[in-house]
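In what follows, a single structure is set out as structure tokens and then discussed.
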Amino acid sequence: MPLRYVCYDCGPRGSDGSGRCDCGEPLWLDTSTDAFDWDDTVDAPGLWRYEPLLPAPLPNPPSLAAAAGGTPLLRDDALDSFVGASVHLKLEGQQPTGSFKDRGSALALAAMEAGLVGGDGETTAIGTVSHGNMAMSTAAFAAAFDRPCVVLVPDDIPPERLGVIGQFDPTILRVRGDYGRLYERSLELGVEYGIRFVNSDSPLRVEGQKTTALELCEAFAPSTPDGIVLPVSSGGHASGVWKALRELRGAGAIDALPALYLVQAAACAPIAEAFAAGAETVSAVEGGETIAYSIANADPPSGTRALRAVRDTGGAAIAVDDDAIRSAQRELATEAGVSVETAGAVALAGAKQLVADGVITDDDDVAVVATGTGLTEASADVSAPAVDLAALDGRLAEFAGR
Ligand SMILES: *Cc1c(COP(=O)(O)O)cnc(C)c1O
Ligand SMILES: [Zn+2]
């Protein structure tokens, strides 16, 4: 059956998902099922257990695809005290390349493998526009599925980031000019040259990223978490989470929608600003520098859809500053032993802020999504004095307080 696309606002839009709806909003896939219950999950690894809700079922996922999804949910008293509510930390850093992007990459490659997209035989390669986690993730899964992969990065990408992406050997092109325009341009060129560009909020990526919420809801079933806190940039992950919640409610697997709380870095917060202004749509902002570089998107392609998700679920979109992000990142490492990149700490910082604002209360159970590991970029300010072997005795005695 050919894939069918839907606009969340206008309804069914046929089988051409290469562009946007006439209204300007991004499309997503029609995967509606009338009935789904947790018993309908299948015996398959990681995210593939949700086969009945996925467009590209892979009951026997090959290679790296078997390792995508299925991340743990961690409880730690220190995090509860830090935030002021019951925190359930979703460890997306445990994905094969260290972020939730692996959910979308695995699903996109599986769909190509199954001939669900590019069935005309012309689309053989996959591509993406990213200089961070999505680039790494797409390149890794392309390698595992033996697909050519092209990654478009900005010209001024830091060399260490290039090295991390490059280890999977994709074709990397450093593009000069307006990087913001590449999102649209890549989709056009992809159609022309048979390259499936799976960018931040592409329909296939959204399907894969749905599974974050499916796992969260299943962990709480038959109840649901009171809230889900996510860092947001393009709005692709938030779209996937919202889509999952709608489908679960539609199928009767959950009866209440958890509130979706989206958190941005204060220096670049178009969605939080639109929410605060009571706006219906998200407009581009100027956008300044933040340490949470993975989520600094001044003109998010799925921003308006993410805003709609917030309103539909009775959530909120807020911004936190770099100090709050740093403090949450440090708390996670030093109190819970969890290394997250700056963007991955944003949700915890946001949860703390939402409690301070009285939006989340102390008896709430909140799922906080730590979206990416810090192990690929650890940069703690470390003091490690050098000591002569002969003096080690004395230093360890000092350390042990003897
Ligand atoms: C991509 C990314 C985000 C933002 O996700 P969007 O789908 O673009 O909103 C957040 N955290 C990390 C670690 C990411 O890599
Ligand atoms: Zn529409």
Side-chain angles (χ1 to χ4, degrees), residues 5-14 17 19-28 71 90-95 97-105 128-138 161 164-165 183 198-202 205-210 212-213 229-243 260 262-265 268-272 281-282 290-310 317 325 328-329 332 339-350 368-377:
Y5 295 85
V6 183
C7 169
Y8 70 90
D9 212 17
C10 311
R13 278 294 170 271
R20 296 198 153 216
C21 179
D22 297 338
C23 76
E25 283 297 279
L27 299 173
W28 60 26
T71 56
K90 186 73 169 155
L91 287 187
E92 290 302 291
Q94 298 227 346
Q95 302 277 3
T97 73
S99 82
F100 73 88
K101 298 291 197 305
D102 287 346
R103 297 178 183 276
S105 305
T128 198
V129 177
S130 163
H131 46 100
N133 292 326
M134 187 162 57
M136 203 195 335
S137 174
T138 307
R161 206 93 66 74
V164 173
I165 302 166
Y183 171 92
V198 182
N199 295 343
S200 52
D201 66 344
S202 88
R205 198 170 280 289
V206 167
E207 288 307 313
Q209 293 170 1
K210 232 164 64 169
T212 303
V229 193
L230 272 188
V232 61
S233 178
S234 70
H237 198 191
S239 299
V241 166
W242 185 38
K243 190 169 191 275
L260 190 52
L262 303 183
V263 190
Q264 302 204 280
C268 189
I271 301 171
T281 58
V282 173
T290 163
I291 54 168
Y293 61 86
S294 289
I295 57 165
N297 191 330
D299 188 11
S302 279
T304 296
R305 187 163 65 179
L307 181 64
R308 187 70 76 83
V310 164
I325 297 169
Q329 186 181 34
L332 283 163
S339 169
V340 294
E341 65 161 274
T342 43
V346 165
L348 191 75
V368 173
V369 185
T371 45
T373 182
L375 293 172
T376 47
E377 61 154 38

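For ligands, and for the atoms within them, numbers begin at 1 and follow the listed sequence.
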### Task
Go through the steps for T138 and V198 under the test side chain to side chain contact (heavy atoms under 4.5 Å, CB included), then give the verdict.
CA-CA 8 Å; T138 307; V198 182; 5.6 Å; no
State whether the side chain of [X] and the backbone N or O of [Y] hold a donor-acceptor pair below 3.5 Å, judged by distance alone.
{"X": "S105", "Y": "K101", "result": "yes"}
{"X": "E92", "Y": "G372", "result": "no"}
{"X": "N297", "Y": "D299", "result": "yes"}
{"X": "T373", "Y": "L375", "result": "yes"}
{"X": "Q264", "Y": "A272", "result": "yes"}
{"X": "S130", "Y": "A135", "result": "yes"}

### Query
Rounded to 10°, how many degrees is the angle SG/C10-the Zn ion (ligand 2)-SG/C7?
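About 110°, to the nearest ten degrees.
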### Message
What do you get for the angle at the Zn ion (ligand 2) between SG on C23 and SG on C21, to the nearest 10 degrees?
### Response
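For SG of C23 and SG of C21, the angle centred on the Zn ion (ligand 2) reads 110°.
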Considering the heavy atoms of [X], write down every atom of ligand 1 situated less than 4.0 Å from one of them.
{"X": "V232", "answer": "9 (O)"}
{"X": "G372", "answer": "13 (C)"}
{"X": "N133", "answer": "13 (C), 14 (C), 15 (O)"}
{"X": "A343", "answer": "11 (N)"}

### Query
What's the spacing between D102 CG and Q94 CD if we round to 0.5 Å?
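Output value for this atom pair is 12.0 Å.
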### Task
Check whether any heavy atom of G235 sits under 4.0 Å from an atom of ligand 1.
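For ligand 1, residue contact (heavy atoms, under 4.0 Å) with G235 is present.
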### Message
Could you check whether any heavy atom of M134 sits closer than 4.0 Å to an atom of ligand 1, since that is the contact criterion I want to use?
### Response
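No, M134 has no heavy atom closer than 4.0 Å to ligand 1.
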### Task
Assess whether side-chain hydrogen bond (donor to acceptor under 3.5 Å, both in side chains) is satisfied between S239 and R205, documenting all intermediate values.
CA-CA 10 Å; S239 299; R205 198 170 280 289; over 6 Å; no
Return a yes/no value for [X]: is any of its N or O atoms, backbone included, closer than 3.5 angstrom to an N or O of ligand 1?
{"X": "F100", "answer": "no"}
{"X": "S99", "answer": "no"}
{"X": "S294", "answer": "no"}
{"X": "S200", "answer": "no"}

To which protein heavy atom is [atom] closest, and what is the distance rounded to 0.1 Å?
{"atom": "atom 10 (C) of ligand 1", "result": "I295 CG2, 3.4 Å"}
{"atom": "atom 9 (O) of ligand 1", "result": "S233 N, 2.8 Å"}
{"atom": "atom 6 (P) of ligand 1", "result": "S234 OG, 3.4 Å"}
{"atom": "atom 7 (O) of ligand 1", "result": "H237 N, 2.8 Å"}
{"atom": "atom 11 (N) of ligand 1", "result": "T371 OG1, 2.8 Å"}
{"atom": "atom 2 (C) of ligand 1", "result": "K101 NZ, 2.4 Å"}

### Task
Record the part of E341 in heavy-atom contact with ligand 1 below 4.0 Å; permitted values are side chain, backbone, both and neither.
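Side chain only.
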### Query
With distance as the sole criterion, is a donor-acceptor pair present between the side chains of H237 and T212 under 3.5 Å?
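The criterion, which ignores hydrogens and geometry beyond distance, is satisfied for T212 and H237.
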### Query
Does E207 pair with K243 as a salt bridge, N-O distance under 4.0 Å?
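Looking at E207 and K243, the cut-off is met.
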### Message
Using 30° and 60° as the class boundaries, would you call the ring planes of Y8 and W28 parallel, tilted or perpendicular?
### Response
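Geometry flag for W28 against Y8: tilted rings.
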